[in-house]
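Every chain is numbered from 1, with letters handed out A, B, ... down the list of sequences.
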Amino acid sequence: MNVSPSDLPRSDFLRVLTERGFIHQCSDLAGLDAKAAAGEVVAYVGYDCTGPSLHVGHLLSIMMLHWLQQTGQKPIALMGGGTTRVGDPSGKDESRKILTLDQIAANKDSLKTVFSRFIRFGEAGRDAIMVDNAEWLAPLNYIDFLRDVGRHFSVNRMLSFDSVKTRLEREHELSFLEFNYMILQAYDFVELNKRYGCTLQMGGSDQWGNIVNGIDLGRRMGTKQLYALTCPLITTASGAKMGKTASGAVWLNADMKSPYEYWQFWRNTEDGDVARFLKLFTVLPMAEIARLAALGGAEINEAKKVLANEATALLHGRAAADEAAETARKTFEEGALAESLPSVAVPLAVLEAGLGVLSAFGPDHAGLVGSTSEARRQVKGGGLKVNDATVTDERAVLTLDDLTAEGVIKLSFGRKKHVLLRIA
RNA sequence: GGAGGGGUGCCCGAGUGGUUAAAGGGGACGGACUGUAAAUCCGUUGGCUUAGCCUACGUUGGUUCGAAUCCAACCCCCUCCA
């Protein structure tokens, strides 16, 4: 986005988001700026309950809610308990699986925990609230809904939306169920306006069409002016989608991605992304970020550590971040064995009897590789190490003799993934 | 309801009876080089108790010494017509 000095936002909210690189598109920057300057913005972001945890991809919008609150406005985290029953076709080639109500409820509970790390909930004016759209979507009566809301939607226009168009062009099925998603999301916006005076919906750039639909519906149903604000889709400097690795998404819930792994994820950021990520994913002052971004060559590693520390501290707390940093320092900089590496318990009897290396690395124990066959291949490629010695014989057996002085066996897959085997 | 086209491994996409666990590409992972980066080069990419065995080309049967490839039925998707 090109912003000339003359049209820099006056409100803290938009100024912060602009300088930190959160803004992709806005329906009316000047109008929203005026409202924000007056401190009367109530804004929401919706999260569908399709999985048990949010992932780094969601982090941008969560950070927007964070800054919204920090700059004196009121955030709403909307859980899509209702819309998840329908399924958003945006950015999807194929229909989502239809989740059972139980799954949706379980997912919803599991997602909730993360938000309180980033925004403060409560009863007071600026405190954040969390609501579930099942509250108003579930009781809807079909005929009434069609007459009150459906009549404002033109199928001609709905067909022109990217989410619909790509499905049609690629000749993939788009069920009527999913086709209705945008109507429900639009209705959410209007309903949140009615209930909480919400006038701004934020989200990823892929949500633009859905959000604008809500604004249009609002106008037709007589609400005050609504606004849309989207953040960019984050890809890494080399073009890959962020946060998707072979081992799965980078989850925010600690039980699905440990603080240490989360720290490592940020530590391995590409050079070209460091400054951008510091602005987006930490709350460090801009001046400090500018200093870190100026580091060149190998020194940029210091900036990456700061990024990892700050991002991990935001999500998992300062203590967990410090511990992760210390584990990483011992493991990578001293080559020493860090007690706090992820560990897996093995019964004493198993080691006494002898444990095959392939099995030790496989899913039954360390879980560093997905199968015995993969372990076998990795041995051929020199990718597995036991106590820092490359495994050369796939038939090798681990015994009590392999325990280090610390009483563990260190298994490594590649140079970065380590697991300690401990006697149970 | 009618006519035609199609369903292959993580994804895209070859393959129309015999070394086909299935070309090629992408992605991913490992190795080398580095700075726990990128780029580059090399390797790997179904599972297992791995000189072998098992499972796999929408599903279920059939033909054959032998099938992803031929036949039948069924399921699903797409296009056009009604």
Problem - Pair A:Glu326 + A:Arg329, salt bridge at N-O below 4.0 Å - result: yes

Practice task
Looking at every strand, decide which applies to A:Lys417 at a 4.0 Å heavy-atom threshold: base, sugar-phosphate, or nothing.
Solution key: sugar-phosphate

Practice task
Remember a base hit wins even if backbone is also touched, and classify A:Arg377 as base, sugar-phosphate or nothing at under 4.0 Å, heavy atoms.
Solution key: sugar-phosphate

Problem - C1' spacing across the pair B:U49 / B:C11, given as an integer number of angstrom - result: 33 Å

Exercise for the section: Kindly express the pairing pattern of RNA chain B in dot-bracket notation, using | wherever a base pairs with another strand and counting only Watson-Crick or G-U pairs under 3.5 Å. Expected result: ((((((((.[[[..)..(.....]]]((((((.......))))))(((...)))...[[[[[..)....]]]]]))))))).

Practice task
Looking at every strand, decide which applies to A:Gly272 at a 4.0 Å heavy-atom threshold: base, sugar-phosphate, or nothing.
Solution key: nothing

Completion exercise
The answer to which of A:Ala325 and A:Ser371 contacts RNA chain B further toward the 5' end, by nearest nucleotide, is A:Ala325

Exercise for the section: Not counting sequence neighbours, list each pair that qualifies as a salt bridge (Lys or Arg N to Asp or Glu O under 4.0 Å) and has a residue in residues 305-320 of chain A. Expected result: A:Glu302-A:Lys305, A:Lys305-A:Glu333, A:Glu310-A:Arg318

Practice task
Could you tell me whether A:Lys416 and A:Glu261 make a salt bridge, using a distance below 4.0 angstrom between a side-chain N and a carboxylate O?
Solution key: no

Handout entry: Sidechain N-carboxylate O distance under 4.0 Å for A:Arg219, A:Asp216
Key = yes

Practice task
Could you label the plane-to-plane angle of the A:Phe277 and A:Phe281 rings as parallel, tilted or perpendicular, counting under 30° as parallel and over 60° as perpendicular?
Solution key: perpendicular

Problem - Value in whole Å for how far the P atom of B:G52 lies from CD of A:Glu394 - result: 14 Å

Handout entry: Residues A:Asp273, A:Arg276: salt bridge by 4.0 Å N-O rule
Key = yes

